[in-house]
Amino acid sequence: MLSENLYGDRKNTKDMKEKIRQIMLYAAEKAHNTEQLPSGDFPDFVIEEPKNPIHGDLSCNLAMLMAKMQKMAPRKIAQILLDHTDDAEGIIEKKEIAGPGFINFFIRPAAWLPVLRRIHAQGDDYGRSDMGKGEKVQVEFVSANPTGPLHVGHGRGAAVGDTVANILSFCGYDVQREYYINDSGRQIRTLGTSVFIRYQQLCGKDIPLGGDCYQGDYIRDIADMIRNEKGDRLLSGDAEEAVVLCARFAADFILSGIREDLESFGVRFDRWYSEQSLFDAGKVEQVMENFRKTGNLYEKEGALWFRTSDYGDEKDRVVVRSNGQTTYFASDIAYHQDKYERGLERVVDVWGADHHGYIPRMRASVMASGRKSEQFQVILIQLVSLLRDGEPVAMSSRAGEFVTLKEVVDEVGKDAARFIFLTRHYESRLDFDLALAKKKSNDNPVYYVQYVHARISSIMEKARERGIAPEDWQEEYLSALTEAEEIRLMKALSLYPETLETAAAMMEPHRLSYYLTDLASLFHSYYNKHKVLTDLPETTAARLCLIMAVREVIRNALSLLGVSAPEKM
RNA sequence: GCGCCCGUAGCUCAGCUGGAUAGAGCAACGGACUUCUAAUCCGUAGGUCGCACGUUCGAAUCGUGCCGGGCGUACCA
């Protein structure tokens, strides 16, 4: 039987760990007040799920951590703490002291039931939190140069950046997604040159394509488009103008392709920020002028240097070369200044790991304008190796033989691609096997998780067919949930909010993928052992309530990962 | 040389702001479909957590030093 306070208390929304933590804190204070514990100074302690179920549902290490400052044996402190616990809600079935001084709690099975009520009440919002307190955070990701199509590596960055943004947003941060377009500088000029040479070749001229030019077939395709539009006219005009025209045309065309590819990968940006616009608005010049005034810049050997070494970089860096051209760093400084001036409190850049050497100088420039180091964070994405059946797929962008993100998404699907990118810590290198990604088996966790959603949807459909309507599912029936697998599922469901908060705090989306796989595994086991639609109406109602909660959380988490939750598979 | 990342089961990887007997999937072997979807489940087997010291009640986790792999060390982007 369920007690009234477990069941009827509307404020009963704190998760189990937090409840135990409060009980322990209260016990510690009480023990100090009665002078059984000399010190009133309590260290940070953890409430965690022991790996071994023999140690209970939750475990607390407070007694061991206090041993030194209390000048007492951990087990003795544990006993004192236990003597002072006050379990007003009646959630604890058994508590014990174990090992060097752990305090283990065995939770009364029925005490997990409120999580179901909470999930049903909050629906899509279960797990949402205000931990971010509205902090304005920008996630800048992908930001690939518009000189060629996105490849798989960009895909990983896109999946991670997008999902980090989703998670932060769900956890109460005010998130903005931005793509920085490097549409200025030498590479764009090289792009123009490459296209113009192809154009001239198409017009019958025998001009070789230099080794430093972009070699991909798409360059010729673009040149062909220009020829269809302009005919041979560019041949007779000014060559410089022709290159500029080719560059602009090509960059615009490639960028719109990038947009489309990202769109079909489920990624959208709040803003596409052009590097060229920084120059056009005079912001690069302005920012350099400001830093000159504050003494952060100096001239040496004809070039202009930024004193990044004042802020931890190993040496100073050039912002204007002796030939008068600004470096990429210069516009990047201006760009980041602009971000903060727009009111962003924290800036997160998602970069390829090969750019890690760039972090100290970027951070230095941010700190030079008085921002705190923590206001600039970088997520470094490690390399993706593309395989097919374990064999490496050739990926030389120099020769233009790369496999594009679009090709991968077309072949394996958005869901599988995203999930695989998000099932590994981004700081680990990733082998992406195309054959594996298409396999509809356990090799491929995305189907494993989606299958849960489909299975539950199917059961719900069956329930409807049998005339079991959702509104008939009474909470009073929940006490029928007593199977070990049912308790395990409820425990897992109650872990979701803190999983999200950790994922947000550490900006590690893979935590969500692993959580999903765990939850899915628990469900599949349950499904194989117990029938949901039974002859007992109360049991059926209770189990439906449970699996609907599972479905809700699966759907919720998948949507944060940008993966669909199919009703049928 | 210096800096950063990685090193955990045969393979691919979780676990790393310290917690008790180190986990998952794949691959291997043996089982479960007349059932709400077998894209599933159950079981067996599989480990000096790269090595060595150190910190402490306790180390895969923290520190130092090695070893191995990758990346970076431009008046490139």
Side-chain angles (χ1 to χ4, degrees), chain A residues 44-46 48 50-52 54-55 59-61 64-65 67-68 73-75 98-102 104 145 147 182 184-188 190 275 300-305 314-315 317-329 331-332 352-360 380 382-383 387 390 420 423-431 433 436 439-452 454-463 465-466 502 505-506 510-511 513-515 517-518 520-521 523-534 540 543-544 547 568-569:
Chain A
D44 280 343
F45 60 100
V46 295
E48 60 183 1
K51 276 173 276 190
N52 191 334
I54 211 168
H55 295 126
S59 163
C60 172
N61 67 347
M64 289 178 292
L65 295 174
K68 199 162 277 179
R75 288 186 68 106
F102 288 103
N104 295 333
N145 298 334
T147 53
N182 286 114
S184 154
R186 186 148 86 205
Q187 53 197 331
I188 288 297
T190 304
E275 180 188 11
K300 191 180 82 177
E301 293 160 5
L304 194 60
W305 299 69
E314 58 186 21
K315 59 184 227 180
R317 309 289 174 175
V318 169
V319 287
V320 181
R321 290 187 271 166
S322 52
N323 66 6
Q325 289 183 330
T326 56
T327 59
Y328 181 88
F329 183 42
S331 40
D332 238 356
D354 54 340
H355 287 69
H356 74 256
Y358 206 75
I359 297 173
L380 286 179
Q382 282 289 345
L383 203 78
L387 307 174
I420 288 169
T423 310
R424 218 126 292 174
H425 189 114
Y426 49 71
E427 273 182 9
S428 289
R429 299 181 57 173
L430 171 66
D431 288 333
D433 195 305
L436 223 61
K439 260 171 95 175
K440 293 184 173 163
S441 75
N442 235 346
D443 287 333
N444 204 345
V446 67
Y447 298 117
Y448 186 77
V449 173
Q450 286 181 319
Y451 194 41
V452 171
R455 272 186 153 171
I456 295 175
S457 301
S458 169
I459 296 171
M460 288 169 62
E461 179 57 33
K462 277 282 187 317
E465 285 169 14
R466 295 185 194 181
T502 310
M506 307 190 74
H510 74 282
R511 289 172 183 275
S513 314
Y514 277 89
Y515 172 82
T517 307
D518 285 345
S521 168
F523 175 79
H524 286 310
S525 295
Y526 176 58
Y527 178 93
N528 273 276
K529 192 161 173 189
H530 303 286
K531 278 193 76 97
V532 172
L533 305 177
T534 68
T540 300
R543 290 183 174 175
L544 277 170
I547 66 166
K568 284 185 178 147
M569 285 173 76

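Throughout, a chain's letter reflects where its sequence line sits, starting with A, and its residues are numbered from 1.
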- Task: Determine yes or no for a side-chain-to-main-chain donor-acceptor pair under 3.5 angstrom, with S521(A) supplying the side chain and T517(A) the backbone.
- Result: no

- Rounding to a whole Å, what distance do you find between N528(A):CG and C42(B):P? 7 Å

- For C41(B), the nucleotide meeting Watson-Crick or G-U wobble distances (both under 3.5 Å) is G31(B)

- To the nearest angstrom, the CG-P distance between N444(A) and C13(B) comes to 15 Å

- Item | R455(A) vs A38(B): side-chain N/O to OP1/OP2 distance below 4.0 Å | yes

- Query: Can you check whether T423(A) has a side-chain N or O nearer than 4.0 Å to OP1 or OP2 of A24(B)?
  - Reply: no

- Message: Please report the distance separating the C1' of A59(B) from the corresponding atom of A22(B), rounded so that it comes out in whole Å.
- Response: 12 Å

- Message: So is the aromatic ring of H355(A) stacked onto the base of A77(B), judging by whether the centres are under 5.5 Å apart and the planes are under 30° apart?
- Response: yes

- Task: Report which part of the nucleic acid Q450(A) touches: base, sugar-phosphate, or nothing (heavy-atom distance under 4.0 Å, all strands).
- Result: nothing

- Query: Which nucleotide in the set C36(B), A74(B), C57(B) lies at the smallest distance from any side-chain heavy atom of K531(A)?
  - Reply: C36(B)

- Heavy atoms of other groups near K300(A) NZ, more than 12 under 6.0 Å: yes

- Message: Return the OG to CG distance between S428(A) and L383(A), rounded to the nearest 0.5 Å.
- Response: 12.0 Å

- Among the candidates A20(B), C57(B), C36(B), find the nucleotide nearest to the side-chain atoms of K68(A). C57(B)

- At under 4.0 Å, does any side-chain N or O of R186(A) touch on OP1 or OP2 of A74(B)? no

- Over how many whole Å does the gap from L65(A) atom CG to G18(B) atom C1' extend? 10 Å

- Whole-angstrom distance between C51(B) and G46(B), as gauged at atom C1': 23 Å

- Item | Length of the line joining H425(A):NE2 and A14(B):P, which is rounded to integer Å | 8 Å

- Message: With rounding to the closest Å, how many angstrom separate the P atoms on U61(B) and U8(B)?
- Response: 14 Å

- From U40(B), C75(B), A20(B), pick the nucleotide closest to the side chain of H524(A)? U40(B)

- Message: Counting distance alone, no hydrogens or angles: does the base of A77(B) have a donor or acceptor under 3.5 Å from a partner atom on the side chain of D332(A)?
- Response: no

- Message: If you apply the rule side-chain contact (heavy atoms from CB on, under 4.5 Å), what do you find for I188(A) with N182(A), and how did you get there?
- Response: CA-CA 8 Å; I188(A) 288 297; N182(A) 286 114; over 6 Å; no

- Out of A20(B), C36(B), A77(B), which has the shortest distance to the side chain of Y527(A)? C36(B)

- Anything under 30° is parallel, anything over 60° is perpendicular, the rest tilted; go ahead and classify Y358(A) against F329(A). perpendicular

- Item | Whole-Å distance separating the OH atom of Y447(A) from the P atom of U40(B) | 12 Å

- Testing A74(B), A20(B), C41(B) for proximity to the side chain of K315(A), the answer is A74(B)

- Message: What's S458(A) touching, base or sugar-phosphate or nothing? Going by heavy atoms closer than 4.0 Å.
- Response: base

- Watson-Crick/G-U partner (both atom distances under 3.5 Å) of G19(B): C57(B)

- Distance check: side-chain N/O of Y358(A) vs OP1/OP2 of G3(B), anything under 4.0 Å? no

- Could you state the atom-to-atom distance from CE of M64(A) to P of G19(B) in whole Å? 10 Å

- Could you check whether N145(A) gets within reach of a base, just the sugar-phosphate, or nothing at all, counting any heavy atom under 4.0 Å? sugar-phosphate

- Message: I'd like the C1' distance from C67(B) over to A28(B), given in whole Å.
- Response: 32 Å

- Closest nucleotide among G15(B), U40(B), A20(B) to the R511(A) side chain: G15(B)

- Query: Which of the following nucleotides, U17(B), A14(B), C75(B), is nearest to the side chain of M506(A)?
  - Reply: U17(B)

- Query: Considering only the P atoms, how many Å lie between G7(B) and C13(B), rounded to the nearest integer?
  - Reply: 10 Å

- Query: What is the nucleic acid contact for E301(A), judged by heavy atoms within less than 4.0 Å: base, sugar-phosphate only, or nothing?
  - Reply: base

- N/O (side chain, H356(A)) to phosphate O (OP1/OP2, U73(B)) under 4.0 Å: no

- Query: Between the base of G72(B) and the side chain of D354(A), is there a donor-acceptor distance below 3.5 Å?
  - Reply: no

- Query: Which listed nucleotide (C75(B), U12(B), U40(B)) is nearest to the side chain of R321(A)?
  - Reply: C75(B)

- Item | Interatomic distance, H530(A) NE2 vs C41(B) P [rounded to whole Å] | 15 Å

- According to a strict under-4.0 Å criterion, is R429(A) in side-chain N/O contact with OP1 or OP2 of U12(B)? no

- Donor on one side chain, acceptor on other, E275(A) and S331(A), under 3.5 Å: yes

- Item | Interatomic spacing from CG in D431(A) to CZ in R424(A) - rounded to 0.5 Å | 8.0 Å

- Can a side chain N or O of S525(A) be found less than 4.0 Å away from OP1 or OP2 on C42(B)? yes

- Query: Which whole number of Å gives the distance between the C1' atom of G23(B) and that of A9(B)?
  - Reply: 10 Å

- Query: Any side-chain heavy-atom pair from P100(A) and P74(A) closer than 4.5 angstrom?
  - Reply: no

- Message: Looking at N444(A) and Y447(A), would you say the former's side chain and the latter's main chain have a donor-acceptor pair under 3.5 Å?
- Response: no

- Whom does C2(B) pair with, Watson-Crick or G-U wobble, provided both distances fall under 3.5 Å? G72(B)

- Please determine if a side-chain N or O atom of Y514(A) lies less than 4.0 Å away from the OP1 or OP2 oxygen of G25(B). no

- Query: Can you check C33(B) for me, syn or anti if syn means within 90° of 0?
  - Reply: syn

- Task: Respond yes when some side-chain nitrogen or oxygen of K51(A) is under 4.0 Å from OP1 or OP2 of A20(B), and no when none is.
- Result: yes

- Task: With C1' as the reference atom in both, quote the distance from G31(B) to G63(B) in angstrom, rounded to an integer.
- Result: 50 Å

- Item | Nearest-Å distance once atom P is located in both C49(B) and U21(B) | 14 Å

- Would you call the rings of F523(A) and Y526(A) parallel, tilted or perpendicular, where under 30° means parallel and over 60° means perpendicular? perpendicular

- Round to a whole Å and report the spacing from CZ of R75(A) to P of G19(B). 20 Å

- Query: Which part of the nucleic acid, if any, lies within contact of P74(A), taking any heavy atom under 4.0 Å across all strands shown: a base, the sugar-phosphate backbone alone, or nothing?
  - Reply: nothing

- G65(B) - base-pair partner by Watson-Crick or wobble geometry, distances under 3.5 Å: C51(B)

- Message: Once you apply a heavy-atom cut-off of 4.0 Å, does A67(A) come out as touching a base, just sugar-phosphate, or nothing?
- Response: nothing

- Would you kindly check whether a donor in the side chain of S322(A) faces an acceptor in the base of C75(B), or vice versa, at under 3.5 angstrom? yes

- Item | Nearest-nucleotide comparison on RNA chain B, the residue closer to the 5′ end among N52(A) and Q382(A) | Q382(A)

- Given RNA chain B, 5'-ward residue of the pair R424(A) and P50(A), judged by closest heavy atom: R424(A)

- Message: Need the pair for C26(B). Rule: Watson-Crick or G-U wobble, both distances under 3.5 Å, any strand; none if unpaired.
- Response: G10(B)

